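Written out below as structure tokens is the structure these notes cover.
Not measured: the values here are computed from a predicted model. We use all heavy atoms of the structure for the numbers below, so side chains are in, but hydrogens, waters and symmetry mates are not. Throughout, numbering of the chain's residues begins at 1 and tracks the sequence.
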Amino acid sequence: MGPFTTRRRVEFRDTDAAGIAHFSAFLVWMESAEHDLLRAAGVPVMERGAGGGDLSWPRVSVSYDFQSALRFGDEVEIAVRVEALGTTSVTYGFRFQRGATPVASGRTVAVHCLVRSGQRPEPVPIPPAIRARLEPYAADR
């Protein structure tokens, strides 16, 4: 299948005083695109754990680089790939484009965790059913 693709329009709230998309908007768009991919794959973003607590995907690493600017009203296409699927983690790669123009690229690492109130998130293995749903979005496809 390859990458999952979604689109966003640069809203006024996403821009800085110069009318250029603020760097922090890209982080929000990356998370939103990741959630779009998870929903398309039939993977819950958050679910109740069997023994209490919630299963979720906290991020442990985020980075991005910019090639060109986006401005208010621009439409951006965001392609998301699963770059690596570890025992407990997923590394996602992101490419942002405005038409044929590359805008930015990024990467996040999310860890499948059991989150209980008052405790540190506990990494747990990604179940085979979830792995099977994410594999079609792998970078080598």
Side-chain angles (χ1 to χ4, degrees), residues 1-16 18-141:
M1 183 182 310
F4 173 84
T5 303
T6 188
R7 294 180 182 279
R8 296 288 181 273
R9 184 160 308 275
V10 179
E11 303 288 339
F12 183 75
R13 69 172 178 259
D14 300 324
T15 63
D16 61 16
I20 297 171
H22 194 266
F23 74 91
S24 62
F26 287 82
L27 181 60
V28 173
W29 295 333
M30 286 166 57
E31 181 180 43
S32 181
E34 173 193 341
H35 289 180
D36 287 352
L37 179 150
L38 290 172
R39 280 189 288 278
V43 175
V45 174
M46 181 178 268
E47 64 182 316
R48 181 64 57 192
D54 295 312
L55 292 166
S56 188
W57 302 89
R59 277 131 209 92
V60 297
S61 178
V62 177
S63 65
Y64 40 91
D65 296 299
F66 301 100
Q67 288 81 46
S68 63
L70 289 173
R71 297 186 179 278
F72 171 70
D74 285 348
E75 187 174 67
V76 62
E77 181 180 280
I78 308 165
V80 187
R81 290 182 185 264
V82 172
E83 290 188 346
L85 196 50
T87 303
T88 62
S89 67
V90 181
T91 301
Y92 297 100
F94 299 83
R95 275 198 313 240
F96 294 81
Q97 284 193 211
R98 183 184 62 254
T101 304
V103 173
S105 59
R107 175 175 286 137
T108 64
V109 179
V111 176
H112 192 235
C113 285
L114 179 60
V115 181
R116 293 185 179 116
S117 181
Q119 298 180 23
R120 292 182 63 159
E122 176 188 340
V124 294
I126 299 170
I130 291 178
R131 297 178 79 74
R133 291 180 179 149
L134 293 175
E135 285 172 349
Y137 300 99
D140 61 350
R141 294 193 180 267

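The list of ring-ring contact (aromatic ring centres under 6.0 Å, His included) pairs with a residue in residues 72-101, not counting sequence neighbours, reads Phe26-Phe96.
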Query - Chi angles and distances behind the side-chain contact (heavy atoms from CB on, under 4.5 Å) call for Tyr137, Val80 - result: CA-CA 8 Å; Tyr137 300 99; Val80 187; over 6 Å; no
Query - salt bridge (charged side-chain N to carboxylate O under 4.0 Å, His left out) assessment of Arg98 paired with Glu77 - result: CA-CA 6 Å; Arg98 183 184 62 254; Glu77 181 180 280; over 6 Å; no
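Residues passing the side-chain hydrogen bond (donor to acceptor under 3.5 Å, both in side chains) test with Arg48, sequence neighbours excluded: Asp54. For Ala84, the side chain to side chain contact (heavy atoms under 4.5 Å, CB included) partners at least two apart in sequence or on another chain are Thr91. In this structure, the side chain to side chain contact (heavy atoms under 4.5 Å, CB included) partners of Arg8, at least two apart in sequence or on a different chain, are Thr6, Trp29, Ser32, Asp36, Val76, Ile78. When the salt bridge (charged side-chain N to carboxylate O under 4.0 Å, His left out) test is applied to Asp16, no partner is found at least two apart in sequence or on another chain. Qualifying side-chain hydrogen bond (donor to acceptor under 3.5 Å, both in side chains) partners for Glu31, counting only residues two or more places apart in sequence or in other chains: none. Applying the salt bridge (charged side-chain N to carboxylate O under 4.0 Å, His left out) criterion to Arg95, with sequence neighbours excluded, gives no partner residue. In terms of the salt bridge (charged side-chain N to carboxylate O under 4.0 Å, His left out) criterion, Arg120 has no residue partners (sequence neighbours excluded). Legend: residues meeting side chain to side chain contact (heavy atoms under 4.5 Å, CB included) with Val124, ordered by chain and number and at least two apart, are Leu55, His112, Leu114, Glu122. Partners of Arg13 under the side chain to side chain contact (heavy atoms under 4.5 Å, CB included) rule, at least two apart in sequence or in another chain, are Glu11. When the side-chain hydrogen bond (donor to acceptor under 3.5 Å, both in side chains) test is applied to Ser24, the partners found at least two apart in sequence or on another chain are His22. The salt bridge (charged side-chain N to carboxylate O under 4.0 Å, His left out) search around Arg131 returns none, not counting sequence neighbours.
Residues Phe4 and Ala40 come closest through the heavy atom pair CE1-CB, 3.5 Å. Ala132 approaches Pro136 most closely through the heavy-atom pair O-CD, 3.2 Å. The two residues Arg81 and Ala138 have their closest heavy-atom pair at NH1-O, 4.2 Å. The two residues Ala100 and Pro102 make their nearest non-hydrogen contact at O-CD, 3.3 Å.
A distance of 11.0 Å separates CD in Glu75 from CG in Leu70, rounded to the nearest 0.5 Å. Rounded to the nearest 0.5 angstrom, His35 NE2 and Met46 CE are separated by 8.5 Å. Annotation: the span from Phe23 atom CZ to Asp14 atom CG amounts to 13.0 Å, rounded to 0.5 Å. Put simply, OG1 on Thr108 and CG on Leu27 are 9.0 Å apart, with the number rounded to the nearest 0.5 Å. Taken from CD in Gln97 to OG in Ser68, the straight-line distance is 9.5 Å, to the nearest 0.5 Å.
Contact check for Val62 versus Arg107: no side-chain heavy atoms found under the 4.5 Å cut-off. The shortest distance between side-chain heavy atoms of Ser56 and Cys113 does not fall below 4.5 Å.
Judged by distance alone, with hydrogens and angles left aside, the side-chain atoms of Gln67 form a donor-acceptor pair with the main-chain N or O of Ala104 at under 3.5 Å. A distance-only check finds no donor-acceptor pair linking the side chain of Ser105 to the backbone of Gly93 [under 3.5 Å].
Each of Ile126, Val111, Val60 was checked for a side chain to side chain contact (heavy atoms under 4.5 Å, CB included) with Ser89, and the lone residue meeting it is Val111.
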